[in-house]
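One structure below.
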Amino acid sequence: MRKWYKYVGFGAVLLSLASCFEKKHEPIVAPWGVIDDTVSVSDEFDLHDIQTSGELIMATVSGPHTYYEYHGKSLGTQFLICQRFADSLGVRLRVEVCRDSMELVKRFADGEVDIVAWPTPGHISADTAKNDLAKELQGWYRPELIAAVQKEENDLLTVRKVHRRIFSPMLDAKGGIISHYDSYFMTYARDIRWDWRLLAAQCYQESTFDPRAVSFVGAKGLMQIMPGTADHLGVPRSQLYEPEANIRAAVKYIGQLQNTFSDVRDQYERTNFVLASYNGGAHHIRDAMNLAKRDGRNPHRWSEVAPYVLKLSQPRYYNDPIVKYGYMRGSETVDYVQRIRQRHAGYQGVKTPHMGFHGVGKPRKAEQRKTKYDIKN
């Protein structure tokens, strides 16, 4: 009750599965050639029902060419192709990520999903029990879609990451003023027992002190808060461009991450894991910690975990059974922590006002002359 197209490495497995079922065989013309497959003669949940339900179910495995999450946005060549197909049907796409290829084959054979995106770009299969869906996919698919979605993804991951204005990393070095928002950093950093200058360094890394910054995944404001994160924190989305509300939300989120990594007893080390999780996601960082522990490394020392964050972009590691959340772009996360630590070290010369300071003074409006230029980065 399914259809599978030619896929390198899966042919023998699929033929073996096919022999377990008694089906009527007939040739199927797929975008990649003519193949033999099984077709059910009974009525099944088909294209019309999918459009009525409003949901197309796709199964795949984690990987840079299949499916992964990046700052809360779903990416991967295969995913983007399937998303376009779902859009053409007027339905949402639900992704089921399998642990490995064998699980993927089994779920497809059992008819649990509508389409499968194999790890080779362009190899997307539809259940032939759903005759109308299979024909729709066959007629819709074009080989040039691969290059189109790969370009789209590459653009998103390079020059179009964050739309922001570039402000000076130090507003007034002689006067000891880092930014227009120092008073907010001083006030809210106390809630998480951070040096306010570290929070300022993180803010610069996120937005270069541009309160109107917005990323391609929808993160907004000084600390690049995602709308979904704002909902979780109880912060109205309408306030995300407000400096104080944005910083307050970020500090609240950082506090939650500190609790998540309470097993890292050393405060300096815990802060490294919190910064990494703010950028790359706590689940991925835990995966890297588990790999480090397995290999006899100290999972509570960032310098010993960071190499495994980098390795999570390699199939050998993101396909390891110990890894629960799959592929990640680890190089950006490791660089993120390093840059913030370096900038924080550069801010050490800025004196902290007397601790009797209370309240939050309203920052001065940014002067246009402080804006160097507009970039898309």
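Fair warning: this is a prediction, and the values are worked out from it, not measured in the lab.
- Rounded to the nearest 0.5 Å, atoms OG1 (Thr77) and CD1 (Ile146) are 8.0 Å apart.
- By the 4.0 Å N-to-carboxylate-O rule, Asp287 lies too far from Lys324 to be salt-bridged with it.
- When all heavy atoms of Asn319 and Ser62 are compared, the closest pair comes out as OD1-O, 4.2 Å.
- Rounding to the nearest 0.5 Å gives a distance of 11.5 Å between CG of Leu312 and OG of Ser331.
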Residue pair Lys151, Glu153: steps toward the salt bridge (charged side-chain N to carboxylate O under 4.0 Å, His left out) verdict: CA-CA 5 Å; Lys151 182 180 185 303; Glu153 183 177 22; over 6 Å; no
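- The cationic group of Arg248 does not satisfy the cation-pi geometry with Tyr184, failing either the under 6.0 Å distance to the six-membered ring centre or the 45° limit from the ring axis.
- Going from atom CD1 of Ile340 over to atom CD of Gln202 covers 4.5 Å, rounded to the nearest 0.5 Å.
- Taking the side-chain hydrogen bond (donor to acceptor under 3.5 Å, both in side chains) definition, one finds that Glu206 meets it with Tyr336, sequence neighbours left out.
- Taking 4.5 Å as the limit, every side-chain heavy atom of Asp100 sits out of range of all side-chain heavy atoms of Val61.
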Dump the intermediate steps for salt bridge (charged side-chain N to carboxylate O under 4.0 Å, His left out) on Lys311 and Asp320, then the final yes or no. CA-CA 11 Å; Lys311 290 175 180 178; Asp320 192 293; over 6 Å; no
side-chain hydrogen bond (donor to acceptor under 3.5 Å, both in side chains) evaluation trace for Glu69 with His283: CA-CA 11 Å; Glu69 289 191 358; His283 294 313; over 6 Å; no
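- Rounding to the nearest 0.5 Å places NZ of Lys293 at 9.0 Å from CE of Met289.
- Legend: residues meeting side-chain contact (heavy atoms from CB on, under 4.5 Å) with Gln348, ordered by chain and number and at least two apart, are Asp195, Arg197, His344.
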side-chain contact (heavy atoms from CB on, under 4.5 Å) between Tyr325 and Tyr68, worked out: CA-CA 9 Å; Tyr325 293 91; Tyr68 65 97; over 6 Å; no
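- Tyr70 and Phe216 have parallel rings, their planes meeting at less than 30° on a 0 to 90° scale where 60° marks the start of perpendicular.
- Summarising the geometry, atom CG belonging to Asp49 is positioned 9.5 Å from atom NZ belonging to Lys130; distances are rounded to the nearest 0.5 Å.
- The minimum heavy-atom distance linking Phe79 with Leu75 is given by the pair CB-O, 3.9 Å.
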Could you please spell out the steps behind the side-chain contact (heavy atoms from CB on, under 4.5 Å) verdict for Leu171 and Ile178? CA-CA 5 Å; Leu171 185 63; Ile178 295 176; over 6 Å; no
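- In this structure, the separation between CZ on Arg142 and CG on Leu145 is 4.5 Å, given to the nearest 0.5 Å.
- Note on Val97 and Phe85: same hydrophobic cluster, where clusters join Ile, Leu, Val, Met, Phe, Trp and Tyr whose side-chain heavy atoms are under 4.5 Å apart, directly or indirectly.
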Check the pair Glu152, Arg84 against salt bridge (charged side-chain N to carboxylate O under 4.0 Å, His left out), reporting the backbone distance first and the verdict last. CA-CA 12 Å; Glu152 174 189 344; Arg84 289 193 179 192; 3.0 Å; yes
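- Cation-pi geometry between Arg270 and Phe261 is not met at under 6.0 angstrom from the ring centre and within 45 degrees of the axis.
- Contact detail for Cys98 and Arg107: the closest heavy-atom pair is SG-CD, 3.8 Å.
- Under the 6.0 Å distance and 45° angle rule, Arg341 counts as a cation-pi partner of Tyr268.
- The minimum heavy-atom distance linking Thr66 with Gly63 is given by the pair OG1-N, 3.1 Å.
- By the 6.0 Å contact criterion, CD on Gln267 is open, its count of non-hydrogen atoms from other residues, nucleotides or ligands being 12 or less.
- Shown here is His300, whose NE2 atom has more than 12 heavy atoms of other residues, nucleotides or ligands within 6.0 Å.
- Of all non-hydrogen atoms in Arg237 and Asp231, the two that sit nearest each other are NH2-OD2, 2.5 Å.
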Given Glu103 and Lys106, is the salt bridge (charged side-chain N to carboxylate O under 4.0 Å, His left out) satisfied, shown in steps? CA-CA 5 Å; Glu103 180 187 350; Lys106 184 179 184 304; over 6 Å; no
I would like to know whether Val116 and Thr60 meet side-chain contact (heavy atoms from CB on, under 4.5 Å); could you show each step before the answer? CA-CA 6 Å; Val116 164; Thr60 191; over 6 Å; no
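- The two residues Ser215 and Gln224 make their nearest non-hydrogen contact at CB-OE1, 3.3 Å.
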Stepwise, does the side-chain contact (heavy atoms from CB on, under 4.5 Å) test hold for Leu56 with Ile115? CA-CA 8 Å; Leu56 179 72; Ile115 58 176; 3.7 Å; yes
Give the intermediate values and the outcome of ring pair (Phe, Tyr, Trp, His ring centres under 6.0 Å) for residues Phe167 and Phe209. CA-CA 6 Å; Phe167 291 82; Phe209 297 139; 8.1 Å; no
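- When the ring-ring contact (aromatic ring centres under 6.0 Å, His included) test is applied to Tyr308, no partner is found at least two apart in sequence or on another chain.
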